[in-house]
Colleague: 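I'd like to ask you about the structure that follows.
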Amino acid sequence: MNSKMKIFLTALIAGAVPAHAGENSGFFLTSPLTLSAGRDTNFLLGNQHLADNVFLLVPSEMSLLSLGRRTELSFRYQPEFELFMRNHEQDAWNHQAGFRLNYRITPRLTLGGGDAFLLTKDPSRQLPENPVLLPRGSYRENRAYINLDYRLNPLTNLDIRFDNTNTNMAFSEFSTASEFREAGKGATVSISRLLDPRQSLSASYSFLKSNVSGLGLPGLNGTFPVSLGNFSLVYNYRVRHDLLLGLSGGVLHGTSGAYTLSGRMEKRLGSYWLKAGYQRYLSSFGQPVASDQVAAGPGFQGGLLPSSLVQVVLFGVRGNFSDRTGIEAGVRASRTSFSLADRDRTNLFSRLDLDYRLTDRLTAFLNLESFLQSQSHSEGIARNRFFGGIRILLSDSPRESSGARLWGSGSYTGVIDAHSARGHMYGEK
């Protein structure tokens, strides 16, 4: 039996373990098992542009959950296996793992923390919003946080959060740099207020210190310290049950980009949700208005070049053609200005997902992705992926319904709904 077959059988056996029967605690398989194959063209291996047929096996995410009156504890792990038809040296076993712990000290005060780990040989696919189209290489990212959440009153929350991120990427021998490293620490203080059942307002201040080395850009060698601060305001307004508006603005210090701005609209038309938005943000501080999170502070992001100023225009649609057929499509155009290098990059990322539910637990899908990048004084890069396969829902879980990946009528985000649901964490009725 060859090594590739052993990998497939091992993953299939791991994915077939039955879930725990308990509703709130136990072992769960929290995503479908996915088998797919397709064509990946123009992916980067150092300075080379290659193409190959690829098989992907993604077993179900395995989660251990423990939910008590005061404590919520979860562990998760999901592997991914990439098998190349010709470039066998690029075969990979990728990993995503994490844990989260929340402990309710008092009815108003909750202490939380967690860690997320990513190890992959294809960072551009795992990080499509990163400002650089990355070559294949060993990419490792670890993000840990601790936060203290205090409910001032039923409508107002105060949150204090500390983040630590470490990113390391070993490039191919064909690259101009052998390794990239970034280590950052950050702190955020935020306060969020539910103005009424339809409106929420939040404010935050975040500070980040990081060291970046191994950029591999002309004239940039050694280690570069980065210190950045960001004050932001976020406003969300659910005009009606089928229309959601969001707006944020902020002020930066420690970089030439003096402000951030973001706005979005989500509109339901029949069984579809349409989304449009514009964002101007610092890559370190993510995308506050596009987030599903309640907290005012934009979360610290992984990826490379933490002081990059990014401008984004995005459009998307999500919904169901019928009871069995679902679609999700999106286009994201961005322009990135690096404070550590005199060059800009323009990216266009587009994605189309089509799902067809064969049974309650078996779904066929087609996935198309395109990455386009151009930069000043350099040739553009284009990468396209065409994949098809099946998803098998092995068990019901807290995250998945029997409809697999077919989408229901909910919107992309639920900022106000999630804010209102905070009471469940504190044991309220």
Colleague: Mind listing the closest non-hydrogen atom pair of L228 and F207 along with its distance?
Modeller: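 For L228 and F207, the tightest heavy-atom pair comes out as O-CD1, 3.2 Å.
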Colleague: When you compare the side chain of R238 with that of L243, does any pair of heavy atoms fall below 4.5 Å?
Modeller: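 When only atoms from C-beta onward are counted, R238 and L243 do not touch, as no gap falls below 4.5 Å.
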Colleague: Minimum heavy-atom separation for L358 and R324, please, with both atom names.
Modeller: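 Nearest heavy atoms, L358 then R324: O-NH1, 3.1 Å.
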Colleague: Evaluate L372 against N347 for side chain to side chain contact (heavy atoms under 4.5 Å, CB included), listing each step before the verdict.
Modeller: CA-CA 6 Å; L372 303 176; N347 287 352; over 6 Å; no
Colleague: CG of L155 to CG of L195: how many Å apart, nearest 0.5 Å?
Modeller: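 The CG atom of L195 is 9.0 Å from CG of L155, to the nearest 0.5 Å.
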Colleague: Distance under 6.0 Å and angle within 45° of the ring axis: does R161 meet both against Y145?
Modeller: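 Relative to the ring axis of Y145, which defines the angle, R161 lies inside both limits.
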Colleague: At what distance, to the nearest 0.5 angstrom, does CD1 of I105 lie from OH of Y150?
Modeller: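 Those atoms lie 11.5 Å apart.
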Colleague: Find out whether I390 and T363 are in side-chain contact, i.e. whether some heavy atom of one side chain is under 4.5 Å from a heavy atom of the other.
Modeller: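 I390 vs T363: side chains apart.
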Colleague: Just so I know, are the side chains of L269 and L274 near enough to count as touching, which here means a heavy-atom distance under 4.5 Å?
Modeller: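 Counting from C-beta outward, L269 and L274 do come under 4.5 Å.
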Colleague: Any donor-acceptor pair under 3.5 Å linking the side-chain atoms of E141 with those of T165?
Modeller: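 Side chains of T165 and E141: no pair found under 3.5 Å.
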Colleague: Are S206 and T188 linked by a side-chain donor-acceptor pair shorter than 3.5 Å?
Modeller: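 Indeed, the side chains of S206 and T188 share at least one donor-acceptor pair under 3.5 Å.
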Colleague: List the steps, then state whether side chain to side chain contact (heavy atoms under 4.5 Å, CB included) holds for T110 with Y103.
Modeller: CA-CA 6 Å; T110 300; Y103 179 71; 5.9 Å; no
Colleague: Testing N168, T167, D122, N94 for side-chain contact (heavy atoms from CB on, under 4.5 Å) with Y139, which one passes?
Modeller: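 Exactly one option meets the side-chain contact (heavy atoms from CB on, under 4.5 Å) with Y139, and it is T167.
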Colleague: Using every non-hydrogen atom in the two residues, find where P123 and G137 come nearest and quote the distance to one decimal.
Modeller: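 Shortest heavy-atom contact: CD-O, 4.0 Å.
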Colleague: Will you find, in the side chains of S232 and S248, an N or O donor that is under 3.5 Å from an N or O acceptor?
Modeller: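 There is no such pair (donor and acceptor under 3.5 Å, judged by atom type) between the side chains of S232 and S248.
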Colleague: As an exercise, state the distance from OG of S370 to CG of N384, rounded to the nearest 0.5 Å.
Modeller: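 That separation rounds to 4.0 Å.
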Colleague: Between R268 and G270, is there a donor-acceptor pair closer than 3.5 Å when you use the side chain of the first and the backbone of the second?
Modeller: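 Confirmed, R268 side chain pairs with G270 backbone.
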Colleague: Could you give the distance from CG (N102) to OG (S74), rounded to the nearest 0.5 Å?
Modeller: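 Nearest 0.5 Å value for the CG-OG distance: 8.0 Å.
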Colleague: Side-chain donor-acceptor pair under 3.5 Å between N236 and R264, yes or no?
Modeller: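 Yes - a donor-acceptor pair under 3.5 Å links their side chains.
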Colleague: Would you check if F43 and S124 make a side-chain contact, meaning some heavy-atom pair closer than 4.5 Å?
Modeller: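 F43 vs S124: side chains apart.
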Colleague: What I'd like to find out is whether the side chain of R104 reaches to under 4.5 Å of the side chain of E72, using heavy atoms alone.
Modeller: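 The answer is no, as the side chains (C-beta and beyond) never meet within the 4.5 Å cut-off.
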Colleague: Which pair of non-hydrogen atoms, one from S190 and one from S204, has the smallest distance, and what is that distance?
Modeller: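 Smallest heavy-atom distance, with atoms named: CB-CB, 3.5 Å.
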Colleague: Okay, side chain of R361, backbone of L393: is any donor-acceptor separation there less than 3.5 Å?
Modeller: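 Yes, because the side chain of R361 sits within donor-acceptor range (under 3.5 Å) of the backbone of L393.
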Colleague: Apply side-chain hydrogen bond (donor to acceptor under 3.5 Å, both in side chains) to residues S63 and T30 and explain how you reach the verdict.
Modeller: CA-CA 7 Å; S63 298; T30 47; 3.0 Å; yes
Colleague: Can you find a pair of side-chain heavy atoms, one from Q126 and one from L118, that are under 4.5 Å apart?
Modeller: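 A side-chain contact under 4.5 Å exists here.
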Colleague: Ignoring hydrogens and geometry, is there a side-chain-to-backbone donor-acceptor pair from Q78 to P59 under 3.5 Å?
Modeller: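 Yes, Q78 side chain to P59 backbone: donor-acceptor pair under 3.5 Å.
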Colleague: Let's go through E266 and R318 carefully: what are the C-alpha distance in whole Å and the side-chain angles of both, what is the deciding distance for salt bridge (Lys or Arg N to Asp or Glu O under 4.0 Å) to 0.1 Å, and is it a yes or a no?
Modeller: CA-CA 11 Å; E266 296 177 22; R318 179 180 184 181; over 6 Å; no
Colleague: More than 12 heavy atoms of other residues, nucleotides or ligands under 6.0 Å from NZ of K209: yes or no?
Modeller: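 Atom NZ in K209 is not packed in, count stays at 12 or less.
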Colleague: Under 4.5 Å between any side-chain heavy atoms of R39 and R385, yes or no?
Modeller: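 The answer is no; the side chains never approach within 4.5 Å.
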Colleague: Going by atom types alone, do N166 and N142 pair a side-chain donor with an acceptor below 3.5 Å?
Modeller: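 Not at all, the side chains of N166 and N142 share no donor-acceptor pair under 3.5 Å.
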Colleague: Compare every heavy atom of P32 with every heavy atom of S60, then report the nearest pair and how far apart it is.
Modeller: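 That would be OG-C, 3.6 Å.
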Colleague: Salt-bridge test for D91 and K121: reply yes if a basic N is under 4.0 Å from a carboxylate O, no otherwise.
Modeller: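 K121 and D91: not salt-bridged.
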Colleague: How close do G113 and N147 get, heavy atom to heavy atom, and via which atoms?
Modeller: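 For G113 and N147, the tightest heavy-atom pair comes out as N-OD1, 4.2 Å.
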Colleague: Measure up the F349 and F371 rings against each other and bin them: parallel (under 30°), tilted (30 to 60°), perpendicular (over 60°).
Modeller: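 Ring orientation of F349 relative to F371: tilted.
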Colleague: Are D242 and R240 within salt-bridge range, i.e. N to O under 4.0 Å?
Modeller: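 Salt bridge between D242 and R240, a charged N being under 4.0 Å from a carboxylate O: yes.
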Colleague: Does F315 offer a backbone N or O that forms a donor-acceptor pair with the side chain of R332 under 3.5 Å?
Modeller: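 No, the answer is negative, given that no donor and acceptor are paired below the 3.5 Å cut-off.
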Colleague: As a quick check of understanding, evaluate salt bridge (Lys or Arg N to Asp or Glu O under 4.0 Å) for D353 and R351, giving each step before the final call.
Modeller: CA-CA 7 Å; D353 280 300; R351 179 185 179 99; 2.6 Å; yes
Colleague: Between D40, N42, T41, which is the residue that forms a side chain to side chain donor-acceptor pair (under 3.5 Å) with R383?
Modeller: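 Exactly one candidate clears the test, D40.
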Colleague: Checking R391 against F365: charged group under 6.0 Å from the ring centre and within 45 degrees of the axis?
Modeller: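 Geometry flag: set, cation within 6.0 Å and 45°.
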Colleague: Given side chain to side chain contact (heavy atoms under 4.5 Å, CB included), test V331 with L314 step by step and report yes or no.
Modeller: CA-CA 6 Å; V331 177; L314 55 90; over 6 Å; no
Colleague: With rounding to the nearest 0.5 angstrom, report the OG to OH distance, S200 to Y235.
Modeller: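 So the OG of S200 and the OH of Y235 are separated by 8.5 Å.
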Colleague: Does the pair L57 and E80 meet the rule for a side chain to side chain contact (heavy atoms under 4.5 Å, CB included), with working shown?
Modeller: CA-CA 6 Å; L57 170 60; E80 178 191 71; over 6 Å; no
Colleague: With a 4.0 Å cut-off on N to O distance, would you call E82 and R136 a salt bridge?
Modeller: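 So E82 pairs with R136 through a salt bridge.
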Colleague: Do Q311 and Y278 meet the criterion of a side-chain donor-acceptor pair at a distance under 3.5 Å?
Modeller: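 Y278 and Q311 do have a side-chain donor-acceptor pair below 3.5 Å.
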Colleague: Roughly how far, to the nearest 0.5 Å, is CZ of R335 from OG of S374?
Modeller: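 Here the interatomic distance stands at 8.0 Å.
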Colleague: Is the terminal nitrogen or CZ of R76 (NZ for Lys, CZ for Arg) located under 6.0 angstrom from the six-membered ring centre of F99 and within 45° of that ring's axis?
Modeller: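 No; the conditions do not both hold, so R76 does not lie above the ring face of F99.
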Colleague: Checking D196 side chain against R198 main chain: does a donor-acceptor pair fall under 3.5 Å?
Modeller: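 Yes, D196 side chain to R198 backbone: donor-acceptor pair under 3.5 Å.
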Colleague: Please indicate whether I146 has more than 12 foreign heavy atoms, meaning atoms of other residues, nucleotides or ligands, lying under 6.0 Å from its CD1.
Modeller: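 It does not: I146 CD1 has 12 such atoms or fewer within range.
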Colleague: For R140, is the CZ atom crowded, meaning more than 12 foreign heavy atoms sit under 6.0 Å from it?
Modeller: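 At most 12 heavy atoms, drawn from other residues, nucleotides or ligands, come within 6.0 Å of this atom.
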Colleague: Hey, does Y77 have a side-chain heavy atom less than 4.5 Å from the side chain of E61?
Modeller: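 No, too far: nothing below the 4.5 Å cut-off.
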Colleague: Are any of the side-chain nitrogens in R151 or D149 under 4.0 Å away from the carboxylate oxygens of its partner?
Modeller: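 No, this pair does not count.
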Colleague: Side chains of T156 and R193: any donor to acceptor distance under 3.5 Å?
Modeller: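 A donor-acceptor contact under 3.5 Å links the two side chains.
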